[in-house]
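Here the structure comes first, spelled out in structure tokens, and everything after it is commentary.
Whatever order the structure lists ligands and atoms in, that order sets their numbers, starting from 1. These numbers were taken from a predicted model, which means no experiment stands behind them.
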Amino acid sequence: MSKEIVVSGIRSTGHLHLGNYFGAIQNYVKMQDAYNCFFFVADYHALTTHPDPKELRANVFRVLAENIASGLDPEKVALYAQSDVPETNELYLLLNMLAYVGELEKVPTFKDKLRQHPDNVNAGLLTYPVLMAADILLHKGAKVPVGKDQEQHLEMARNFAHRFNTRYNEEFFPEPQVFRFSDETVKIMSLDGIGKMSKSENVNATIFLSDADDVIRKKMMKAKTDQGPTEPNSVMPDYIQNLFVLLNTVSTPEVNATFRDSFNNCSIRYGDMKKQLAEDMVTFITPIREKAFELQQDHDALRKIMKEGAEKARASASKTIEGARKLVGVNYY
Ligand code: ADP
Ligand code: TRP
């Protein structure tokens, strides 16, 4: 039986952080054997908000290196840069004919950008979900491992697929579904307790895969806490819950249980918990950081990997484009 097709992308807008790792990359690594995977660096998507050419290039190489250092094997998956697959642009154009301006204007991520950067509301931002749908449908992707923040975009990709199929009267595109390994979507909050950890928000409250040991320790120790619970079995504030989420990911179950018990019986000392978490985090990140650093010393090797990835992606993409052109009626020879 042929393997199911999986597609996902990460924007090259900065250094990768724990949210990207636990929300996305960890799942990519777990999927690479059982599925036919297309993973890419979304450099065009990055252009909507981060247009500096020098930074963009450096970010693309770093994101690639950090993905490989986290365990992605370019022999098993197609690992490439979005802009190396020009078929994406053609499908993006065709899907734009099916996307309504009204629905694009209602997308929460677009409204956020409108609020945050009223001086840079470019059309690329408005059609961001169309480009994302093109990335996925280009390979007839069935499953898309992404964090919770991308669910709305996925729903739009399903709508565009459905609309295309209906208009051209053929089940051409599957409707792609969000994929995750457990019922819970992982969301890593920022260590200041405000919003999610993110590449471009508060960098002091975000732990990056490239952070040095001392930087990790310093950031962890500054994570938001409070006086501690005064009633047994209290409800955890979300910023404390977040520390437990992190403990769960990098520390042993015993350590986790010990701190959970001490929270429940009100004896918890957050300083001790953060110290332990910092050390476990350092142990977790150090090998990834070192490997990513090593990979980034050899851009030629990374270029070779992304070129081979793009070839795999284009082989799949050209088939889809040929079929789509035929259905749309723009094939004359
Ligand atoms: P960022 O918001 O940092 O720019 P991206 O938008 O490039 O990150 O997201 C890349 C992937 O990482 C997506 O699948 C997204 O859902 C996931 N992701 C990003 N931030 C977090 C977070 N704080 N917690 C969980 N997953 C996240
Ligand atoms: N929009 C996604 C994000 O901000 C990145 C992305 C672009 C993506 N194209 C995609 C994710 C296709 C999954 C599939 O995180």
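Using bins of under 30°, 30° to 60° and over 60° for the plane-to-plane angle, the ring pair Phe39/Tyr28 lands in the parallel bin. The aromatic rings of Phe263 and Tyr270 sit tilted, their planes meeting at an angle between 30° and 60°. Ring planes of Phe164 and Tyr168: tilted class, angle from 30 to 60°. Between His153 and Tyr128, the ring-plane angle classifies as tilted under the 30° and 60° cut-offs.
When the options Arg11, Gln150, Met132, His139 are ranked by their closest heavy atom to atom 3 (C) of ligand 2, first place goes to Gln150. Comparing Gly147, Gly19, Gly14 by heavy-atom distance to atom 26 (N) of ligand 1, the nearest is Gly19. The closest non-hydrogen atom to atom 16 (O) of ligand 1, taken over Val245, Ile188, Val146, Asp149, comes from Asp149.
With a 4.0 Å heavy-atom cut-off, ligand 2 is reached by the side chain of Val144 but not by its N, CA, C or O. With a 4.0 Å cut-off on non-hydrogen atoms, Phe38 does not touch ligand 2 at all. Contacts with ligand 2 closer than 4.0 Å are made by side-chain heavy atoms of Ile136 only, the backbone lying farther away.
Residue His17 places a heavy atom less than 4.0 Å from ligand 1.
Short contacts between ligand 1 and Thr13, defined as distances under 4.0 Å to a heavy atom of the residue, involve ligand atoms 4 (O). Shown in contact with Ala24 at under 4.0 Å from a heavy atom are these atoms of ligand 1, numbered in order with element: 11 (C), 12 (O), 14 (O).
The main-chain N or O of Ile25 is never found under 3.5 Å from a side-chain atom of Asn20 such that the two would form a donor-acceptor pair.
Remark: minimum distance from atom 2 (O) of ligand 1 to any protein heavy atom is reached at Lys196 NZ, 2.7 Å. Considering only non-hydrogen protein atoms, atom 4 (O) of ligand 2 sits nearest to Tyr128 OH, 2.9 Å. Atom 10 (C) of ligand 1 has as its closest protein heavy atom Asn20 ND2, 3.5 Å. In terms of protein heavy atoms, atom 1 (P) of ligand 1 is closest to Lys199 NZ, 3.7 Å. The nearest heavy-atom contact from the protein to atom 9 (N) of ligand 2 is Asp135 OD2, 2.7 Å. Ranking the protein heavy atoms by distance from atom 5 (C) of ligand 2 puts Gly9 O, 3.4 Å first.
Geometric assessment of Lys224 against the ring of Tyr239 yields a positive cation-pi assignment under the 6.0 Å and 45° thresholds. Because its NZ or CZ atom is not both nearer than 6.0 Å to the ring centre of Phe38 and within 45° of the ring axis, Lys312 does not count as a cation-pi partner of that residue. Phe172 carries Lys140 over the face of its six-membered ring, with the cationic atom under 6.0 Å from the centre and within 45° of the normal.
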